[in-house]
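The block underneath contains the structure these notes are about, expressed in structure tokens.
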Amino acid sequence: MQEGLLLIISGPAGVGKGSVCQALCRHNPNLYYSVSFTTRPPRPGERDGVNYLFVDEQKFMELRDGGSLLEWAKVHGNYYGTPAHLVAQMRKEGRDVILEIDTQGARQIRRKFEDGVFVFLLPPTMQDLLRRINKRGADTPEEIKRRFVAAYRELEEMEIYDYLVVNEKIEEAAFNIEAIIAAEKCRIGRYRDVLKQLLEEGDEFDLSLY
Ligand code: 5GP
């Protein structure tokens with residue numbers, strides 16, 4: 001069985017990463033959305049184990065120091081990290097895995113997995129992004145300003161990604177990422193085992209006779 005893809009999705013706060021990932025998972029039951037650990041307190045409506053695995057700082061450090069995290073980063077004053085074990089298991093079972101992580105985490109994954117597929121989500125305009133950050137309502141004015149400034153910094157990190165997708169409409173952005181997944185699965189490099197098997201089958205014939 002072919003190992004599942006490792007798909008990394010990043011983008012500034014408010015660009016709609018969560019909505020795009022939800023649409024992707026709705027359309028593709030084979031996709032596994034990796035739920036991260038975080039020390040950030042839950043926002044209204046967020047559920048433990050669904051949006052994040054909410055832990056305190058001591059527990060987070062234990063996980064990090066015990067090697068349980070594939071990558072980790074401090075973002076907007078809180079710690080976030082990807083559980084290593086489940087990602088490896090799901091990929092081995094042939095499921096494609098999505099990591100919705102920041103650019104610091106993406107850099108760590110880039111160093112560890114050369115076959116990762118890196119997608120950066122862009123807003124149609126920065127005005128649009130500011131409107132979306134404001135609309136969330138859950139953050140304080142200082143937090144909103146901090147996230148908007150951070151968004152500009154994140155844009156500078158775009159070159160480490162393989163693909164840029166503009167999120168003007170959620171369904172369109174999800175469709176474009178599905179096209180990326182389909183194309184990535186057809187890369188010759190991912191078919192080494194299949195090619196080897198085809199060539200071995202050829203060995204059963206004496207090709208010089210034909
Ligand atoms: P939020 O608190 O708004 O849900 O997320 C803040 C930022 O942390 C987002 O850019 C999100 O992609 C990032 N993030 C969420 N989970 C992880 C993770 O496991 N690792 C890293 N490096 N970033 C994460």
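- The only member of Glu100, Glu71, Gln108 that meets side chain to side chain donor-acceptor pair (under 3.5 Å) when paired with Thr82 is Glu71.
- Shortest non-hydrogen contact noted between Leu122 and Leu155 is CD2-CD2, 3.6 Å.
- Between Asn30 and Gly94 the shortest heavy-atom distance is ND2-O, 3.5 Å.
- The neighbour count for Arg187 CZ, taken as heavy atoms of other residues, nucleotides or ligands under 6.0 Å away, does not exceed 12.
- Residues Met126 and Val166 share a single hydrophobic cluster, defined by chaining ILVMFWY side chains whose heavy atoms lie under 4.5 Å apart.
- Look at Lys196 and Glu201 and you find no salt bridge, because none of the NZ, NE, NH1 or NH2 atoms lies under 4.0 Å from a carboxylate O.
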*Dump the intermediate steps for side chain to side chain contact (heavy atoms under 4.5 Å, CB included) on Cys25 and Ile98, then the final yes or no.*
CA-CA 9 Å; Cys25 292; Ile98 303 188; 4.3 Å; yes

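- Just one of Ile177, Leu5, Leu24 meets the side chain to side chain contact (heavy atoms under 4.5 Å, CB included) condition when paired with Leu31; it is Leu24.
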_Check against side chain to side chain contact (heavy atoms under 4.5 Å, CB included), Val97 and Leu7_ = CA-CA 6 Å; Val97 174; Leu7 189 71; over 6 Å; no

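- Residue Phe120 holds its CZ atom at 13.5 Å from CD1 of Ile8, rounded to the nearest 0.5 Å.
- Between Glu142 and Lys145 there is no salt bridge, since no side-chain N of the basic residue sits under 4.0 Å from a carboxylate O of the acidic one.
- Side-chain atoms of Arg91 come within 3.5 Å of backbone N or O of Gly4 as a donor-acceptor pair.
- Hydrophobic clustering of Ile, Leu, Val, Met, Phe, Trp and Tyr side chains at less than 4.5 Å, counting indirect connections, unites Ile160 with Phe113.
- Taking every heavy atom of both residues into account, Lys17 and Leu121 meet most closely at CA-CD1, 3.8 Å.
- When all heavy atoms of Ala84 and Leu70 are compared, the pair lying nearest together is CB-N, 3.8 Å.
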*Determine, stepwise, if the pair Arg107 / Glu157 fulfils side chain to side chain contact (heavy atoms under 4.5 Å, CB included).*
CA-CA 9 Å; Arg107 278 186 187 280; Glu157 302 273 325; 2.9 Å; yes

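- Here Phe118 contributes atom CZ and Leu99 contributes atom CG; the two are 8.5 Å apart, rounded to the nearest 0.5 Å.
- The hydrophobic cluster around Tyr52 extends to Phe54, Val75, Tyr80, counting ILVMFWY residues whose side-chain heavy atoms fall within less than 4.5 Å of a member.
- In plain terms, the two heavy atoms of Leu53 and Pro83 that are nearest each other are CD1-CG, 4.3 Å.
- In the model, Asp102 has a side-chain atom that pairs as donor or acceptor with a side-chain atom of Gln104 under 3.5 Å.
- Within a 6.0 Å radius of CD in Glu168, no more than 12 heavy atoms belonging to other residues, nucleotides or ligands are found.
- Around CD of Gln197, the count of heavy atoms belonging to other residues, nucleotides or ligands within 6.0 Å does not exceed 12.
- Annotation: the span from Leu195 atom CG to Glu200 atom CD amounts to 11.0 Å, rounded to 0.5 Å.
- A distance of 12.5 Å separates OH in Tyr32 from CG in Leu6, rounded to the nearest 0.5 Å.
- With respect to Arg147 and Glu143, a salt bridge is recorded, a charged nitrogen being found less than 4.0 Å from a carboxylate O.
- Neither Phe175 nor Tyr33 shares a network with the other; the hydrophobic side chains, linked directly or stepwise wherever heavy atoms of I, L, V, M, F, W or Y lie under 4.5 Å apart, form separate groups for each.
- At a cut-off of 3.5 Å, with distance as the only test, no side-chain donor of Thr38 or Tyr79 sits close to an acceptor on the other residue.
- The distance from the CD1 atom of Ile101 to the OG atom of Ser10 is 5.5 Å, given to the nearest 0.5 Å.
- Between the side chains of Thr39 and Glu57, no donor-acceptor pair of N or O atoms lies under 3.5 Å.
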*Step-by-step salt bridge (charged side-chain N to carboxylate O under 4.0 Å, His left out) determination, Lys135 to Asp128*: CA-CA 10 Å; Lys135 228 169 58 182; Asp128 195 82; over 6 Å; no

_Applying side chain to side chain contact (heavy atoms under 4.5 Å, CB included) to Asp162 and Arg110, what does each step give before you reach the verdict?_
CA-CA 11 Å; Asp162 301 309; Arg110 188 54 122 181; 2.9 Å; yes

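- No donor-acceptor pair under 3.5 Å is formed between the side chain of Glu172 and the backbone N or O of Lys169.
- Put simply, CG on Asp96 and CD on Glu3 are 10.5 Å apart, with the number rounded to the nearest 0.5 Å.
- Taking each heavy atom of Ser34 and Val87 in turn, the nearest pair found is OG-CG2, 3.9 Å.
- Between the side chains of His27 and Glu171, at least one donor N or O lies within less than 3.5 Å of an accepting N or O.
- Using a distance-only test at 3.5 Å, with no hydrogens or angles considered, a donor-acceptor pair links the side chain of Arg132 to the main chain of Val15.
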